[in-house]
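Input: a single structure, listed below in structure tokens.
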Amino acid sequence: MPAPRVRFAPAPTGYLHVGSARTALFNWLFARSRGGAMVLRIEDTDASLKAQEYVDAIVEPLGWLGIDWDEGPHFQSERGGLYAEAIDRLVAAGAAYFCDLSGPEIEARAAEADLPPGYHGWSRDRGVKDGPGAVVRFRAPDTGATVVDDLIRGRVSFPNPALEDFVIRRADGSATFLLANAVDDRHMGISHVIRGEDLLNATPKVRLLWEALGYGPPPAYAHLPLLVNEKRQKLAKRRDDVSLGHYREQGYLPEAMANYLALLGWGPPDKTEIRPMAEIVALFDLGAVTKSPAFFDPRKLDHINAAYMRALTPDELVERAEPFLRGRFGPGGRAGRYDPEAVRALAPEIQPRAAKLSEVAGWVDWVMAAEVDYDPRAWHKVMVKGRAAAEVLELVSERLAGADFASAERLESIVMGAGDEIGARLGARVLSQAPVRVALSGSNVGLPLWGPMRLLGRDETLARLRKARARLAEQGGGEDREI
RNA sequence: GCCCCCAUCGUCCAGCGGCCUAGGACGCCGGCCUUUCACGCCGGUAACACGGGUUCGAAUCCCGUUGGGGGUGCCA
């Protein structure tokens, strides 16, 4: 079996659709797993698709995902000559003909003939000459069927009479997708066409063109199941979050996204879902791809992303999260200073808690902030309603004054010890960690305190403790505290 | 309307005639761990759409029904 040649052929739409990304990935997986080549082709036959400005919107996200290609991008907008030549041949052979009927005229004729809406071969024998406004239509067979042996779906048969005489050249002289597809796949030596199921119905038309052009054995086809939303409809720009770039902005890791995408419509035989792409390449099998549509489930994506987040080294976390952290401080942001060292030092504590890069800031920003931003609910729950908060803050402040801040263990034992001590005196359990946490971070949930305290240092820690104590005293807390 | 595709837990995958009292993962629920929140660990919940065949035997094969989806453009 010769090495396959596949192609990813998106239309430039200004962004990369997750469904397209999945298609690109499966093409890539197939090519890479079989030592084949992948070509990138931009399907911009429609003049309204301004390829040039939109190419980056496809190329860049593909690179982000880790998908590379061996050839291209080729642009259909630059291959008009090839298409024109093919169209001429078809017309000369009588396989295609000119038509000058407008949309309304076509519908009027359909209504008049009491036929379903659409074109019904009216210009076949009208002897229309080429000229301004004339399109070229392919003369579809009136009998028989076109059979496609799909690698995923098996044999699919399309009755030819159901096919209209579709347009292969527009009035402006440009070729349509169907024609360009056949010509390009042939000229680019494509062996396997792997694309979305929404194109399954287009396949017989391309195949008919292929035969009419005398192209010989056609490529193999594999139609991937569609990606759908929770309502089981094809993912669409209007109603769904379909831009790959948007997921990137939300802080998903490209390797997690690629891993998840690979799981939509396919699963590794050994059931290990989260794994390096190299292993997925080795295990990938086009014939094992599922037939039914797959729901793009953001929750599972989150799970996978979280797993990849946890697997990052501290340096990697710092590097990846940087774009999400820088700019959070200073002008327009919180008072404070972005400190990559703090992120690096706390990485092991941040990683199991941040499911996405965008969540990293929420766990560490207080360490870098100049001012504590108290969460009112946390303050009330811990400082006002909590047991012995004031006493804890006082004793902890006292003990910390002479403590060794280089040792996180020491800081922990001081805070915990203070709680135990007060608890013993009161004859009730005192959770000293909570008030200290609120005093330092403003929140009652967060990273283990000891590492951050070390980073804050004695002065800053004591200053925050002091501020919280003053605030507590100021509020005259006491009456509704449950001692 | 016509053409095409699909049909296993809520979701994603396993299953390709007997190993299935249907397996894994996400989610959800419960527990353990834990002086926060997570992570981790343990356990639980939950499905072969329906009806006919074929067969000693069907989630697996065939037919039909129903349901869902896609296409039906001078978009791709």
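Order of the sequence lines sets the chain letters (A, B, ...), proteins ahead of strands, with each chain counted from 1. From a predicted model like this one, the values you see are computed outputs, not experimental measurements.
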*asked:* Categorize A/Leu101 for me: base, sugar-phosphate, or nothing, with a 4.0 angstrom heavy-atom threshold over every strand shown.
replied: base
Side chain of A/Arg464, backbone of A/Ser441: donor and acceptor closer than 3.5 Å? no
A/Ile414 atom CD1 is separated from B/U35 atom P, nearest whole Å, by 18 Å
>> Are A/Val59 and A/Leu40 packed together at the side-chain level, in the sense that at least one heavy-atom pair is separated by less than 4.5 angstrom?
In response: yes
Cationic tip of A/Arg22 above A/Phe26 ring, under 6.0 Å, 45° of axis: yes
Any side-chain donor near an acceptor of the partner, A/Thr203 and A/Arg195, under 3.5 Å
yes
Taken to the nearest whole Å, CG/A/Leu16 to P/B/A76 is 18 Å
Dump every N/O contact between nucleotides 4-8 of chain B and the protein below 3.5 Å, one line per pair.
{"unit_1": "B/C5", "atom_1": "O2'", "unit_2": "A/Arg153", "atom_2": "NH1", "d": "2.8"}
{"unit_1": "B/C5", "atom_1": "O2'", "unit_2": "A/Glu197", "atom_2": "OE2", "d": "2.9"}

Here the distance between atom P of B/U11 and atom CD of A/Glu273, to the nearest Å, is 16 Å
Rounding to the closest angstrom, what is the interatomic distance between B/C26 and B/U34 at atom C1'? 25 Å
Greater than 12 external heavy atoms within 6.0 Å of A/Arg207's CZ:
yes
Side chain to side chain contact (heavy atoms under 4.5 Å, CB included) between A/Asp184 and A/His74, intermediate numbers included: CA-CA 10 Å; A/Asp184 285 343; A/His74 294 296; over 6 Å; no
**Asked** For residues A/Tyr97 and A/Asp165, is any side-chain donor paired with an opposing acceptor at under 3.5 Å?
**Response** yes
Original post:
When we call it a touch if two heavy atoms are under 4.0 Å apart, what does A/Gln351 touch: a base, just sugar-phosphate, or nothing?
Top reply: nothing
*Taking atom C1' in both B/C39 and B/C32, what distance in whole Å separates the two?*
14 Å
Notebook entry, point to check: So, does the side chain of A/Arg353 form a donor-acceptor pair with the base of B/C37 at under 3.5 Å?
Noted result: yes
> Any donor-acceptor pair under 3.5 Å between the side chain of A/Gln233 and the base of B/G68?
Replying inline: no
Could I get a table of every N or O pair under 3.5 Å where one atom is in the protein and the other is in nucleotides 40-51 of chain B?
{"unit_1": "B/G40", "atom_1": "OP1", "unit_2": "A/Arg310", "atom_2": "NH1", "d": "3.1"}

In whole angstroms, the gap separating P of B/U11 from CG of A/Leu227 amounts to 15 Å
Practice task
Assign A/Leu449 to base, sugar-phosphate, or nothing according to its heavy-atom contacts below 4.0 angstrom with the strands shown.
Solution key: nothing
Applying the 3.5 Å cut-off to both distances, the Watson-Crick or G-U partner of B/G51 turns out to be B/C63
Sugar-phosphate, base or nothing in reach of A/Val415, heavy atoms under 4.0 Å
nothing
At 4.0 Å (heavy atoms only), tell me whether A/Phe295 reaches a base, stays on the sugar-phosphate, or touches nothing. sugar-phosphate
Any base atoms under 4.0 Å from A/Asp302, or only sugar-phosphate, or nothing? Heavy atoms, all strands. nothing
**Prompt:** How is A/Ala294 classified with respect to the nucleic acid when contacts are heavy atoms under 4.0 Å: base, sugar-phosphate, or nothing?
**Reply:** sugar-phosphate
With the side chain defined as heavy atoms from C-beta on, A/Lys300 is closest, among B/G70, B/C74, B/G24, to B/G24
Can a side-chain donor-acceptor contact be found between A/Asp100 and A/Ser123 if the only test is distance below 3.5 angstrom?
no
Pair A/Gln233-A/Arg239, side chain to side chain contact (heavy atoms under 4.5 Å, CB included): steps then yes or no:
CA-CA 10 Å; A/Gln233 295 165 315; A/Arg239 56 184 178 235; 3.4 Å; yes
message = Applying a 4.0 Å non-hydrogen cut-off, can you work out what A/Gly118 is touching in the nucleic acid: base, sugar-phosphate, or nothing?
response = nothing
In whole angstroms, the gap separating C1' of B/A76 from CD1 of A/Ile58 amounts to 12 Å
